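Okay, structure first, notes after.
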Amino acid sequence: MIEQLKDSYKTFESQLNGLGQGFWQELRTRTLHSFSGLPKPKDEEYRYTQLGRILDKKFQFADLSMMGRTSVHGANALFHNADAHHIYINNGVIDQSKVSQNLPKGLSISTLQEALHHNAKDIESHLGKYAIKNNDAFASLNTIFSYEGIFIKVDKNVQIDKPILLHYSGTDHPGHAIYQSRSLILAEPGARLSIVESYSSDHSEDHFSNHVSEIVVGANALLDYYKLQNQSASTYHVDNTFITQSKDSVVKSYVFTLEGKIIRNNLNVDLEDENCETHMFGLYVAHGDNHIDNHTVVDHKMPHCFSNEIYKGILDDTAKAVFNGKIFVRPNAQKTNAFQSNKNILLTDTASMNSKPQLEIWADDVKCSHGCTTGQLDDEQMFYLRSRGISKASARAMLLHAFVDDVLDKISIGFLHDFVAEEMKNRLD
Amino acid sequence: MSKDNQILEELTSSEYKYGFETLIENDSAPKGINEDIIRFISAKKKEPEWMLELRLKAFRHWVTLEEPTWPNVHYPKIDFQDIIYYSAPKPKKTLSSLDEVDPDLLETFKKLGISLEEQKRLSGVAVDAVIDSVSVKTTFKKTLAELGIIFCSFSEAVQEHPELVKKYLGAVVPMTDNYYAALNSAVFTDGSFCYIPKGVRCPMELSTYFRINASGTGQFERTLIVADEGSYVSYLEGCTAPQRDENQLHAAVVEIYAESRAEVKYSTVQNWYPGNKEGKGGIYNFVTKRGLCKGDYSKISWTQVETGSAITWKYPSCVLKGDHSIGEFYSVAVTNNYQQADTGSKMIHLGKNTNSTIISKGISAGKSQNSYRGLVKIHKRAENARNFSQCDSLLMGDKCGAHTFPYIEIDNSSAKVEHEATTSKIGEDQIFYCNQRGIDTENAVALIVNGYAKEVLNKLPMEFAVEAQKLLALTLEGSVG
């Protein structure tokens with residue numbers, strides 16, 4: 001496997017032409033050297049999601065060198081009428097004609113290759129730094145084989161009113177079943193922005209997309225970060241997101257997973273300085289043979305930080321979901337408040353849920369808790385509604401809506417809220 | 001702060017009071033493990049051929065296994081060839097009354113606070129005492145025999161009840177279960193065997209005391225409890241070891257087999273030598289404990305108070321196979337100085353309407369690391385299974401750690417599974433409340449810790465509860481405010 005990858009890396013390298021040198025190239029070689037292959041069956045992190053085995057069988061990793069070199073215009077993207085700064089990425093290729101048009105002062109959006117020229121310092125001090133530290137196999141794979149990506153930077157004390165909307169789409173494209181996409185987002189001190197990543201695809205064939213986001217949030221900055229995963233039922237998707245927060249910053253991240261064959265999200269939040277606040281919300285509604293796996297890590301390194309996590313899931317048919325939430329509280333991080341909750345409803349006997357909420361705490365003056373429940377709809381609540389003349393179907397819908405509502409409520413972007421609420425309605429009624 | 005430090009100092013200076021060594025002549029095997037040693041042990045115990053076969057099979061499997069590294073504990077690699085696998089107090093002969101027991105041995109038990117004679121007369125607890133893996137005395141055997149209860153050392157059971165041993169040994173923990181279970185199956189030297197016949201309610205608590213005495217030895221004992229239909233037994237286990245600079249290995253296997261409507265209550269007060277305050281020495285306690293609720297309406301309940309051992313690594317489990325069966329796990333694990341504990345429970349729901357409860361209370365002080373690791377698995381066919389887990393951690397001082405690793409695997413929609421965990425320190429407001437009412441900080445801590453662990457301590461049989469409370473107070477003596 002590794003040998004195969006090294007060979008395909010050589011081919012990839014030879015195709016890079018002028019791009020195969022400098023900082024990024026050095027990063028690729030470094031990552032390749034430390035790469036130890038896809039997760040093995042006994043890998044604890046991939047215990048419930050045997051991605052390594054499945055991908056190895058299904059996809060030609062030797063073909064990584066060939067991935068999506070030709071640009072195809074995305075299908076009609078969701079929200080393309082929304083009032084936002086739009087960026088289109090199709091099959092891992094950026095539609096450059098639409099990047100950086102009419103941007104307000106203080107906001108720069110460009111491709112990573114461009115940024116390598118204009119913002120060399122930013123790129124060199126951040127690109128790949130967080131992914132390499134984490135050592136996730138898929139993040140490393142992305143670092144080795146990606147040559148392009150999106151760079152977003154908001155200058156000091158600049159407030160961006162409109163959300164930045166990244167449309168990641170996939171369209172049928174025979175022979176190119178693996179896509180890699182990447183982004184680097186920098187919020188300078190005091191900046192304020194919201195980002196929406198919308199993933200969609202109309203693939204009918206199996207395909208694998210591998211995404212990495214590295215996000216650096218400066219002191220006192222505010223970031224709202226949304227992911228909407230609504231790909232086709234033949235999508236294998238791995239998402240690695242690394243968020244690093246500085247003093248007094250506030251980040252709210254959201255993941256909505258509505259469809260996909262196997263979806264794996266790794267969300268890593270590092271609280272590097274005092275008084276950071278981070279919120280993580282997740283909602284997954286799985287049906288058919290969807291397999292949705294959310295791994296989150298919050299690392300409290302300094303005192304007086306706050307983290308709150310709510311992940312909720314509804315599983316139907318033969319769907320499987322995995323939740324693994326880790327909270328680390330380092331010896332320094334006194335006065336930490338960390339909360340975590342994972343709640344799941346299984347609608348059928350064939351659906352299954354594996355949950356592993358973890359706490360690792362080395363500081364004594366902290367308040368940490370986690371809670372996890374899995375079950376079906378409450379009989380008593382059901383009875384209450386039924387006894388008031390509400391039909392079984394609408395009572396069920398009502399209870400499911402109530403279940404997801406506290407996460408839906410947290411969405412502060414109108415068009416996104418309406419879309420997710422509508423989708424929920426369609427699925428739960 | 002300085003007061004905290006001072007109190008912490010006091011805390012770390014409280015010493016292990018069971019750290020004496022009894023000079024009893026030993027009859028031991030040479031160091032190391034190989035097939036000859038196993039044959040030696042088997043021959044020493046005058047075992048039948050099938051037993052030796054089982055041992056050799058387990059050994060051959062063990063050789064193919066690798067030492068597990070997944071627990072959240074750190075220790076230097078164990079040299080399995082540097083351990084004495086058989087050490088028996090000498091002289092060893094069949095004893096029928098206490099008068100024949102070596103007086104030194106009796107003295108040991110007096111020091112431990114379990115005078116066999118007193119036990120016999122006062123508390124009505126039947127004791128099987130195991131020193132260096134060999135059972136030295138079983139009390140109350142005759143009274144029990146009248147009811148048809150078999151309670152004896154494992155070697156005796158192999159000789160006298162081979163059909164029972166053959167049937168149940170390895171039925172719950174197979175020889176090939178894991179690294180230490182395989183090792184234990186190959187070299188176990190003694191242990192306790194207990195059989196409660198149909199419909200019998202055991203009139204007294206049965207108890208085993210384990211003691212590692214000789215140096216350089218490992219202790220590998222095996223406990224097998226079989227509760228036949230409709231029977232009830234409450235079983236106690238206690239352990240101590242001398243103070244030594246070396247690390248000694250204790251790898252035991254406990255199997256419980258409960259037929260329908262049987263109930264087994266297994267309580268442990270584990271107080272192996274935890275090492276000195278620099279973390280030198282102490283017992284490695286790597287134990288496999290598992291109960292099988294084979295029949296409908298059966299119940300197995302584990303209660304443990306863990307205060308000793310340099311490293312504790314055990315997960316008393318229940319396999320709930322019978323419909324309506326119940327599994328319970330109550331645990332208080334205290335770590336201090338450089339102790340490490342990775343402990344918790346596994347509840348595997350296979351039958352319908354099965355019910356399990358996990359209450360785990362971790363207390364870490366000094367520079368210790370305390371982890372809860374547990375599995376709740378609801379099998380596809382386990383309709384209406386119910387689990388409630390609660391694991392709380394209490395941190396004392398800022399150099400210790402508390403970790404929680406729960407695994408929750410649900411394959412059935414009718415399951416109701418709840419898991420809760422909290423981590424905190426003793427609230428300043430709680431201490432203040434006590435101080436205000438004239439209770440000094442040290443007593444306030446004792447009060448709060450006892451209250452914190454009460455849910456579990458309440459589950460212990462009376463004799464043990466008293467001992468456990470004392471132990472808790474001793475381990476956390478003068479703890480921080």
Side-chain angles (χ1 to χ4, degrees), chain A residues 42 44 47-48 314-379, chain B residues 4 69-70 72 362 364-365 367-428 480:
Chain A
K42 282 204 168 165
E44 184 69 20
R47 190 181 140 106
Y48 297 116
I314 298 175
L315 309 180
D316 203 351
D317 304 328
T318 56
K320 276 193 167 57
V322 180
F323 172 80
N324 182 328
K326 283 185 201 156
I327 298 176
F328 291 102
V329 180
R330 304 284 173 196
N332 266 340
Q334 297 293 359
K335 307 273 178 200
T336 288
N337 281 329
F339 306 103
Q340 184 188 68
S341 134
N342 173 234
K343 293 188 173 159
N344 304 288
I345 290 184
L346 303 183
L347 295 176
T348 63
D349 279 352
T350 42
S352 74
M353 177 72 213
N354 294 316
S355 189
K356 191 183 167 197
Q358 259 174 263
L359 295 175
E360 294 213 39
I361 294 162
W362 287 275
D364 66 333
D365 193 3
V366 299
K367 276 192 191 134
C368 293
S369 69
H370 65 190
C372 166
T373 59
T374 301
Q376 54 190 357
L377 290 173
D378 192 328
D379 285 341
Chain B
D4 280 4
T69 52
W70 50 263
N72 190 24
S364 11
K367 292 181 175 131
S368 65
Q369 300 294 331
N370 199 332
S371 308
Y372 167 83
R373 187 187 301 274
L375 167 74
V376 175
K377 182 164 178 71
I378 313 284
H379 196 263
K380 241 187 189 56
R381 285 190 291 275
E383 297 283 334
N384 293 321
R386 181 86 178 82
N387 164 269
F388 175 76
S389 310
Q390 185 183 345
C391 17
D392 296 334
S393 310
L394 196 64
L395 291 155
M396 299 190 171
D398 53 5
K399 292 185 182 67
C400 51
H403 317 280
T404 321
F405 308 92
Y407 291 70
I408 300 151
E409 301 178 6
I410 318 286
D411 289 331
N412 185 303
S413 70
S414 60
K416 275 199 184 137
V417 177
E418 292 168 80
H419 174 93
E420 270 178 22
T422 59
T423 303
S424 54
K425 69 169 196 169
I426 294 176
E428 275 159 32
V480 280

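Quick note on labels: first sequence line is chain A, next is B, and so on, each numbered from 1. If you're wondering where the values come from, they're calculated on a predicted model, not measured in any experiment.
No option in B:K380, B:R381, B:H379, B:E383 other than B:E383 meets the side-chain contact (heavy atoms from CB on, under 4.5 Å) test with B:N412.
When each of A:S355, A:S341, A:S352 is scored by its heavy-atom pairs under 4.5 Å with chain B, the top score falls to A:S355. With chain B as partner, the option from A:N354, A:L346, A:D364, A:V329 having the largest number of non-hydrogen pairs under 4.5 angstrom is A:D364. Between chain B and the residues A:K367, A:Q358, A:Q334, the most heavy-atom pairs under 4.5 angstrom are made by A:Q358. Ranked by heavy-atom pairs under 4.5 Å with chain B, the first of A:A338, A:G375, A:C368 is A:C368. When the candidates B:P406, B:S371, B:G401 are compared by the number of heavy-atom contacts under 4.5 Å with chain A, B:P406 comes out ahead. Options A:P357, A:A363, A:S369, A:G371 differ in how many heavy-atom pairs under 4.5 Å they form with chain B, and the most are formed by A:P357. Contact tally against chain B (heavy-atom pairs below 4.5 Å) for A:K326, A:K356, A:K320: the top residue is A:K356.
Residues A:Q376 and B:S414 form a side-chain contact, since some pair of their non-hydrogen atoms from C-beta on lies under 4.5 Å apart. You'll find the side chain of A:M353 stays beyond 4.5 Å of the side chain of B:V417, heavy atoms only.
Salt-bridge check for B:E418 with B:R386: passed, with a basic side-chain N closer than 4.0 Å to an acidic carboxylate O.
Of the two parts of A:Y48, only the side chain, counted from C-beta on, holds a non-hydrogen atom closer than 4.5 Å to a non-hydrogen atom of chain B. Heavy-atom distances place no part of A:Q340 under 4.5 Å from chain B, backbone and side chain included. Neither the backbone nor the side chain of B:N370 has a heavy atom closer than 4.5 Å to any heavy atom of chain A. Residue B:Q369 touches chain A through its side chain alone, counting heavy-atom pairs closer than 4.5 Å. Contacts between B:A415 and chain A at a heavy-atom distance below 4.5 Å involve the backbone alone (N, CA, C, O). Only the side chain of A:R47 comes within less than 4.5 Å of a heavy atom in chain B; its backbone stays farther off. Interface remark: A:L347 contributes backbone atoms only to the contact with chain B (heavy atom separation under 4.5 Å). Residue A:T348 touches chain B through its backbone alone, counting heavy-atom pairs closer than 4.5 Å.
Rounding to the nearest 0.5 angstrom, the gap separating the OG1 atom in B:T404 from the CD atom in A:E360 is 8.5 Å. Expressed to the nearest 0.5 Å, how far CG of A:L359 lies from OG1 of B:T422 amounts to 9.0 Å. Atom NE2 of B:H403 and atom CZ of B:R373 lie 10.5 Å apart (nearest 0.5 Å).
The main-chain N or O of A:D317 is found under 3.5 Å from a side-chain atom of A:T350 such that the two form a donor-acceptor pair.
Using modelled atom types, one finds a donor on one side chain and an acceptor on the other under 3.5 Å when comparing B:N387 with B:S389.
A parallel orientation is assigned to the rings of A:F328 and A:W362, their planes being inclined by less than 30° (bins at 30° and 60°).
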